[in-house]
Amino acid sequence: MINPPLANVDLLDWEALTPEGIDLLPEHVQLAIQLSQTVADPEFQWQTYLNALATFGFEQWVAERATELTVATDGCTLMQPLAQSLLNATCNVQVGEFNVCLIAVGSVLDNTISIHRATIDSADWTPHFYVLVEVLEEQEQIKVYGYLRRDELLRHQQTQTLAAEPDLTYALPLNWFSADPATLMLELRCLRPEAIARSISEITASAASSAASSAVSSAVSSAVPSTVSSAAGTLAASSAPQPLQALTQQAINAGLWLRDRLDQAAAELSWVLVPAFVPAASAMRSAVEELQRVTEELERSGIDIVPEARGAYRDVRWGSIGLRLYALVWALPMISAEAAPEWSLLLVLGGQPGVNLPVGSGLRVQDEMQVLVERSLTTASQDTYLYARVIGTWNEQFWVTVTLPNGVVVTLPPFAFNPDSVS
């Protein structure tokens, strides 16, 4: 049986369990210096330097103890200067099939660990494991002190509410962390991500069942065509973490798609416009044909998609798992001269070309107040898609979260609609 985090560990316990230091290589130090210099704000350069040393040292720590585990850092926030200017940790480090957040500290002397709230509240950066790494910069060493699983964090939050500090950090009690790196290594080698995801689902379901249900103002049609998963689930008005508007990237102006344009935010995130015509390129033709096939099924089910609608797609990949998300937008007719203009956002989640949508995939849409639509695939089927449609006024934005079968969740920057923008 895997031991839970130690409930009564204090600083003396941690000193007694002090792990062996891992020596950093000279190239690690040099690369950490280079990465810190990519951050424009000098205030965050030192933390980025510590984050880099913690990441490289942790990678070496894993390599020395489990040769069968691979550590991937290409997609981690350490390689994203914008994220590093916000976070005091390294998120989205992939160890085998797990997503890990490395919390780098100069010393473990306090009873609390400071961590940016985005690593807990924003689904884009939430991991399976939070790992505490002490960086001994002068000795050019790191020590892996302990860890906290995401599901255990949620359990603690049910009894002890975290309050954000003015600098947007949470102070996590040190005794929430298990002071046993050996057990962390055991879990990384033997546990399955699905076990943590299942535990998280049980905790969140329990919390949701105790909350009062509320009506959803923007609803998707209840009719589901045969090629779109009927096992997608039902509308949800659950209280998932609200988007951190001040911390997310710039909103994607999907209104520009009506003019066959991508704004800078969409272009940087590799969105690809799907034109109304089919060009010669086979890859684009495939994307157009797939979106047309799905939207034709949706129209037969009663969803009215105007000819002026325009769409784009983005591939979402983590490790060996790849999904494709289509988004289609259009302006709705004015009901009256006094009414605010509205727009429609239709989302279709499927597998990448030639691959069926895997079981465990999920799609969630929320506004600033609540979750509007939440769907997941629970049974295997060919030609299966998850879809959701929401409607809002032109000044409303929607956040979209994609869940991968391994439990990793990706929250996209908000979708906005301003077709008259000149940017």
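- In this structure a side-chain-to-backbone donor-acceptor pair under 3.5 Å is present from Thr295 to Leu291.
- When all heavy atoms of Arg189 and Leu69 are compared, the closest pair comes out as CG-CD1, 3.9 Å.
- Not counting sequence neighbours, the partners of Asp315 by the side-chain hydrogen bond (donor to acceptor under 3.5 Å, both in side chains) test are Arg324.
- Leu377 and Pro358 get closest at one heavy-atom pair: CD2-O, 3.6 Å.
- Residues Gln157 and Leu162 meet the side-chain proximity criterion, which asks for heavy atoms closer than 4.5 Å.
- No side-chain heavy atom of Thr403 sits less than 4.5 Å from a side-chain heavy atom of Leu363.
- Once rounded to the nearest 0.5 Å, the distance linking CD of Glu97 with NE2 of His128 reads 9.0 Å.
- Of the possible donor and acceptor atoms, one in the side chain of Trp343 sits under 3.5 Å from a partner among the backbone N and O of Thr393.
- Residues Thr126 and Ile120 approach most closely at CG2-O, 3.4 Å, considering heavy atoms.
- Contact of the Asn92 side chain with the Asn99 side chain is registered, since non-hydrogen atoms from C-beta on lie closer than 4.5 Å.
- Contact check for Val93 versus Val71: side-chain heavy atoms found under the 4.5 Å cut-off.
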task: Check the pair Ile142, Val144 against side chain to side chain contact (heavy atoms under 4.5 Å, CB included), reporting the backbone distance first and the verdict last.
output: CA-CA 7 Å; Ile142 66 99; Val144 177; 4.0 Å; yes
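- Ring to ring, Tyr147 and Phe177 are not that close: their centroids are 6.0 angstrom or more apart.
- Between Phe417 and Trp330, the gap from one ring centroid to the other reaches at least 6.0 Å.
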message: Could you walk me through whether Thr55 and Thr90 satisfy the side chain to side chain donor-acceptor pair (under 3.5 Å) test, starting with their C-alpha distance in whole Å, then the side-chain angles of each, then the deciding distance to 0.1 Å, before giving a yes or no?
response: CA-CA 7 Å; Thr55 302; Thr90 303; 3.2 Å; yes
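- Expressed to the nearest 0.5 Å, how far NE2 of His28 lies from CD1 of Ile33 amounts to 13.0 Å.
- Taken from CG in Leu386 to CG in Leu325, the straight-line distance is 10.5 Å, to the nearest 0.5 Å.
- Atom CD of Gln352 and atom CG of Leu323 lie 7.0 Å apart (nearest 0.5 Å).
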field: Worked check of side chain to side chain contact (heavy atoms under 4.5 Å, CB included) between Val294 and Tyr326
entry: CA-CA 10 Å; Val294 176; Tyr326 289 93; over 6 Å; no
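- Within a 6.0 Å radius of CD in Gln264, no more than 12 heavy atoms belonging to other residues, nucleotides or ligands are found.
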task: Could you please spell out the steps behind the side chain to side chain contact (heavy atoms under 4.5 Å, CB included) verdict for Arg149 and Leu191?
output: CA-CA 12 Å; Arg149 267 180 21 192; Leu191 195 63; 3.6 Å; yes
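- Under the rule for a ring-ring contact (aromatic ring centres under 6.0 Å, His included), Tyr130 has no partner lying at least two apart in sequence or in another chain.
- Using a 4.5 Å cut-off on side-chain heavy atoms (C-beta onward), Thr378 and Val359 make no contact.
- Residue Arg261 comes nearest to Leu273 through the heavy atom pair N-CD1, 3.6 Å, listed as atom of the first residue, atom of the second, then distance.
- Every side chain to side chain contact (heavy atoms under 4.5 Å, CB included) that Glu165 has, sequence neighbours left out, goes to Asp167, Thr169.
- The CG atom of Asp420 sits 6.0 Å away from atom CG of Asn418, with the distance rounded to the nearest 0.5 Å.
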- request: Go through the steps for Tyr387 and Ile303 under the test side chain to side chain contact (heavy atoms under 4.5 Å, CB included), then give the verdict.
  value: CA-CA 12 Å; Tyr387 83 107; Ile303 294 180; 3.5 Å; yes
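- Considering only heavy atoms from C-beta on, Val274 comes within 4.5 Å of Tyr313 through its side chain.
- Here Leu31 pairs with Gln34, Leu35, Phe56 under the side chain to side chain contact (heavy atoms under 4.5 Å, CB included) rule; sequence neighbours left out.
- In this structure, the side chains of Leu186 and Leu184 stay at 4.5 Å or more apart for every pair of heavy atoms.
- Contacts of Trp271 classified as ring-ring contact (aromatic ring centres under 6.0 Å, His included), with partners at least two apart in sequence or in another chain: Trp257, Phe415.
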task: Tell me, with the steps shown, if Asp180 and Ser178 meet side chain to side chain donor-acceptor pair (under 3.5 Å).
output: CA-CA 5 Å; Asp180 188 359; Ser178 171; 5.2 Å; no
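- The shortest heavy-atom contact between Pro419 and Asn253 is N-OD1, 4.4 Å.
- Checked against salt bridge (Lys or Arg N to Asp or Glu O under 4.0 Å), Arg155 has the following partners two or more places apart in sequence or in another chain: Asp151, Glu152.
- Distance CD1/Ile115 to CZ/Arg117: 12.5 Å, rounded to 0.5 Å.
- At least one side-chain heavy atom of Asn88 sits less than 4.5 Å from a side-chain heavy atom of Ser114.
- Judged by distance alone, with hydrogens and angles left aside, the side-chain atoms of Gln94 form a donor-acceptor pair with the main-chain N or O of Gly96 at under 3.5 Å.
- Nearest heavy-atom pair, Leu87 versus Asn51, reported as atom, atom and distance to 0.1 Å: O-ND2, 4.2 Å.
- Judged by distance alone, the side chain of Thr48 and the main-chain N or O of Phe44 form a donor-acceptor pair under 3.5 Å.
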